[in-house]
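Residue numbers begin at 1 in each chain, while the letters A, B, ... track the order of the sequences.
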Amino acid sequence: MDSGGGVMIRLWVSFGGGVLFAVGLSLGGMTRPDRVIAFLDVLSGAWDPSLAFVMAGAVSVFAVAFRTLRNRKQPLLDTRFDRPKWRHISPRLVIGAAVFGFGWGLGGFCPGPGIAALPGAQPDTLVFVIAMIAGVAAFHLTRRFTKIGGPSSYAHRTLL
Amino acid sequence: MRHDWEFHVVDTVNWLRPLLGGALIGLSAAALWGLNGRIAGISGMVGQLLGPDGGWRAAFLAGLVAGGALMLSFLPDAFSTTAVRPLTVTAIAGFAVGVGTQLGHGCTSGHGVCGLGRFSVRSAAATLVFLGGGIITASLYRWIAGAAS
């Protein structure tokens, strides 16, 4: 399965997955920070609930696929499922999610839509993505030289 | 006087397009899982891009940009042309998203879509926290910006 051809097919599947993901994000309205903020700002008097449908559609399709595949030993084109290993709700998870939520509500961008909106070359999109990469790099650099953040499932495969 | 078809246009933008868009996101995540055995978590791909298994992550992120370019030509109104926030605020937001997603091991895609779809309690907790954080921040920003102007 790890022949050169297999590697190439998996890379193309990945690329195609990214294309489809971006089509879904933009069709759904996630690439518009104004709509994301109108969704999150529930008490504004002009609440836009439409992005809840994006979440509902995405979760239900993935849930059906995941359940359908749950008894399979391996994925179709690779040797194993890369299952998330972490199960407990740690302080690190909660603090990280809170910091992410703060940034999401502040700017109206989350990582996927920010990257998918890059071709529009809007100044705010570029600033968001550059600042996000800086945040990711700052985190991994800090972790490399200190023990801040506790144990990580990224321990053996970090950014830097 | 609004015609009947106008209501349909408004309605589909409000729920059918989001639902369809969401279904395509779910399909993408399902394909990546079923074919390659990988979770479609965007922040994880960014964080581990330079790691030993970065190839498929780079390919997915490149596809994300290519798909964005495709949609920019077919559906330009799916993208903003004016910034909703001053650029300094967007920069702070971006940095927080970068740090927070690495600390919390995921974002809207990894925890929100794939995690909830797997019925992971851990991801459900993360999703509740970042959704709550987003709601509080967006509301507070409106109040503070309103009071300042």
Task: From B/L87 atom CG to A/F128 atom CZ, the distance as rounded to the nearest 0.5 Å - done: 13.5 Å
Task: Under 4.5 Å from a heavy atom of chain A, the part of B/L72 involved - done: side chain
Open item on the list: Quick check on the interface: out of B/A40, B/G132, B/G104, who has the most heavy-atom pairs with chain A under 4.5 Å?
Closed with: B/G104
- [ ] Can you see which heavy atom on A/S90 is nearest to which on B/R122, and at what distance?
- [x] OG-NH1, 4.1 Å
Task: Test applied, side chain to side chain contact (heavy atoms under 4.5 Å, CB included); reference residue, A/W104; option that passes from B/T108, B/T101, B/T137 - done: B/T108
TODO: Using a cut-off of under 4.5 Å on heavy-atom pairs, state which of B/G68, B/A78, B/G54, B/A91 scores highest against chain A.
DONE: B/A78
Task: chain A contact via B/S139 - side chain, backbone, both or neither, heavy atoms under 4.5 Å - done: both
Open item on the list: If we define contacts as heavy-atom pairs under 4.5 Å, which of B/W143, B/F79, B/F119 has the most with chain A?
Closed with: B/F79
- [ ] Name the region of B/L75, side chain, backbone, both or neither, that has any atom closer than 4.5 Å to a heavy atom of chain A.
- [x] side chain
Open item on the list: Between B/T81 and chain A, with a heavy-atom cut-off of 4.5 Å, which part of the residue counts as in contact: side chain, backbone, both or neither?
Closed with: both
Task: Interface moiety of B/L61 toward chain A, non-hydrogen atoms closer than 4.5 Å - done: both
Task: Partner chain A: residue of B/V65, B/L32, B/I92, B/L128 with the largest heavy-atom pair count (under 4.5 Å) - done: B/V65
Task: Atom pair CZ (A/R67) and CZ (B/R118), whose distance is rounded to the nearest 0.5 Å - done: 14.0 Å
- [ ] Counting only heavy atoms closer than 4.5 Å, note whether B/R85 contacts chain A via side chain, backbone, both or neither.
- [x] side chain
Task: A/L69 versus chain B, the contacting section by heavy-atom distance below 4.5 Å - done: side chain
- [ ] Please report the C-alpha distance between A/T31 and B/M71 in whole Å, then the side-chain angles of each, then the deciding distance to 0.1 Å, and finally whether the side chain to side chain contact (heavy atoms under 4.5 Å, CB included) criterion is met.
- [x] CA-CA 11 Å; A/T31 46; B/M71 290 301 280; over 6 Å; no
Task: Rounded distance (nearest 0.5 Å) linking atom CZ of B/F95 with atom CG of A/L106 - done: 14.0 Å
Open item on the list: With rounding to the nearest 0.5 angstrom, report the CH2 to OG1 distance, B/W33 to A/T68.
Closed with: 13.5 Å
Side-chain atoms of residues 16-27 of chain A: list all donor-acceptor pairs with protein atoms under 3.5 Å, sequence neighbours left out, distances to 0.1 Å.
from	atom 1	to	atom 2	distance (Å)
A/S26	OG	A/A22	O	2.7
A/S26	OG	A/V23	O	3.2

